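Below is one structure, written out as structure tokens; comments come after it.
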Amino acid sequence: WPNTRAARSCAASVTSRALPPIRFAETRDGAVAYLELGSGEKTIVVLFGLWSHLEVAWEELRIRAILDRLAERCRVVLIDRRGTGLSERLAVPQLTSSGVEDLDAVRRALGVDRIWLFGNAVGGMIAIDYAATHGAHVEGLLLYGVGARGAAAPDYPWAATAQQLDKWLAEMHRGWGSAVALDHYAPSCAGDAEVQQSWARMMRQSASKHSMPLLLKAYSRMDVRPQLPLVRAPTLVVQREGDRIVRA
């Protein structure tokens, strides 16, 4: 979430227009929703974090302004991975390998051989796994706020501990339906009523109150450290100073 004043100025320049067609790529565990913007020579696939919803993201002008800037130069593709948003939610596995399957199904549906991947949090871990296992299809990685493991371990102290994850989960469960955790994800916007409403709606539409714990617990079990030596694609790692969710 950018600075509120700059974001409103940028959002004001975005004209109101219809939602691009939502398409679905089939996997063995159900359908994966995606949409496309732009028509550039290069294709960049955006992989969201813990939760997402394509239609709600499109309606948020601050997000759309950023996507439109990307779409001036690239073909931009957004995905709701399985278990979130408009994609399959019924008893689907939450693993980086299942995210890799979702991503490859969309790539094949697009009819492109090589793609750029932009991933945040869980999406970044899926991007790493995909680059390690499907390297021939990856031109490069852009990773923002991404760790190699979802929960802390004796040899990986940088992620949240089990106790911290339990506290986070309890906070989200208690405040479900409101702008819960916004002060952690976007502290500079936490007092903005419009951002609060948009954030709360995104969470409500992305998952249900009782499926969100499943997503968070699955994230805590993800670990892509073994895949890191296998990544050969050019990679840009971006980390915000003072990030309250992912430590540098």
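Note that the structure is predicted; figures quoted are calculated from it, not measured. Side-chain atoms are counted along with the backbone in the values below, which use heavy atoms only and exclude waters and symmetry mates.
Aromatic ring centres of Trp51 and Tyr185: separated by under 6.0 Å.
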Show me the donor-acceptor pairs, under 3.5 Å and distance only, between side chains in residues 143-157 and residues at least two apart or in other chains.
residue : atom : partner : partner atom : Å
Arg149  : NE   : Ala151  : O            : 2.6
Arg149  : NH1  : Asp223  : OD2          : 2.9
Asp155  : OD1  : Arg225  : NH1          : 3.2
Asp155  : OD2  : Arg225  : NH1          : 3.2
Tyr156  : OH   : Ala148  : N            : 3.0

Show every donor-acceptor pair shorter than 3.5 Å between a side-chain atom in residues 84-95 and any protein atom, with sequence neighbours excluded, or say none if there are none.
residue : atom : partner : partner atom : Å
Thr84   : OG1  : Arg81   : O            : 2.7
Ser87   : OG   : Ala33   : N            : 2.8
Ser87   : OG   : Asp80   : O            : 2.2
Arg89   : NE   : Gly85   : O            : 3.1
Arg89   : NH2  : Gly85   : O            : 2.8
Arg89   : NH2  : Gln205  : O            : 2.6
Arg89   : NH2  : Ser206  : O            : 3.4
Gln94   : NE2  : Arg82   : O            : 2.8

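Scanning for salt bridge (charged side-chain N to carboxylate O under 4.0 Å, His left out) contacts around Arg201 gives Glu59, with sequence neighbours left out.
Heavy atoms only, all atoms of each residue included: Ala190 and Leu182 are closest at CA-CD2, 3.9 Å. Contact detail for Pro229 and Pro226: the closest heavy-atom pair is CD-O, 3.3 Å. For the pair Arg107 and Asp104, the tightest heavy-atom approach, listed with the atom from each and the gap, is NE-OD1, 3.0 Å. Here the closest non-hydrogen pair linking Ala179 and Ala200 is N-CB, 3.8 Å. The two atoms that bring Pro20 and Leu37 nearest to each other are CG-CD2, 3.5 Å, heavy atoms only. Smallest separation of non-hydrogen atoms from Tyr219 and Val122: CD1-CG2, 3.3 Å.
Rounding to the nearest 0.5 Å gives a distance of 9.5 Å between CG of Leu169 and OG of Ser220. Once rounded to the nearest 0.5 Å, the distance linking CD of Gln197 with CD of Glu60 reads 10.5 Å. To the nearest 0.5 Å, the span separating CG on Leu215 from OG on Ser208 amounts to 8.5 Å. We find the CG-CD1 distance between Leu117 and Ile79 to be 8.5 Å, quoted to the nearest 0.5 Å. Rounding to the nearest 0.5 angstrom, the gap separating the OG atom in Ser97 from the CD atom in Gln227 is 9.0 Å. We find the CZ-CD1 distance between Arg73 and Ile44 to be 10.5 Å, quoted to the nearest 0.5 Å.
When side chains are defined from C-beta on, Gln164 does not count as touching Lys167, because their heavy atoms never get closer than 4.5 Å. Using a 4.5 Å heavy-atom threshold, the side chains of Leu47 and Val45 count as touching. When side chains are defined from C-beta on, Val106 counts as touching Val77, because their heavy atoms get closer than 4.5 Å. Trp168 places none of its side-chain heavy atoms less than 4.5 Å from the side chain of His184. Met172 is not listed as a side-chain neighbour of Lys209, based on a closest heavy-atom distance of 4.5 Å or more. For the pair Leu230/Leu228, no side-chain contact is recorded, criterion being any heavy-atom separation below 4.5 Å from C-beta on. Looking at Tyr130 and Val138, their side chains come closer than 4.5 Å, going by heavy atoms from C-beta outward. Leu142 places a side-chain heavy atom less than 4.5 Å from the side chain of Trp116.
Although no hydrogens or angles enter the test, the distance criterion places a donor-acceptor pair under 3.5 Å between the side chain of Arg114 and the main chain of Ala136. Of the possible polar contacts, none joining the Asn120 side chain to the Gly123 backbone as a donor-acceptor pair under 3.5 Å is found. Here the side chain of Thr161 pairs no donor or acceptor atom with the backbone of Ala159 at under 3.5 angstrom.
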_Working note: Arg75 + Glu41, criterion salt bridge (charged side-chain N to carboxylate O under 4.0 Å, His left out); need CA distance, chi angles, decisive distance, verdict._
CA-CA 7 Å; Arg75 181 188 191 185; Glu41 182 180 337; over 6 Å; no

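With salt bridges taken as basic N to acidic carboxylate O contacts below 4.0 Å, none links Arg247 and Asp243. The pair Arg23-Glu36 counts as a salt bridge, with a side-chain nitrogen and a carboxylate oxygen less than 4.0 angstrom apart.
In this structure, Arg204 is not positioned above the aromatic face of Trp176 in the sense of NZ or CZ being under 6.0 Å from the six-membered ring centre and within 45° of the axis.
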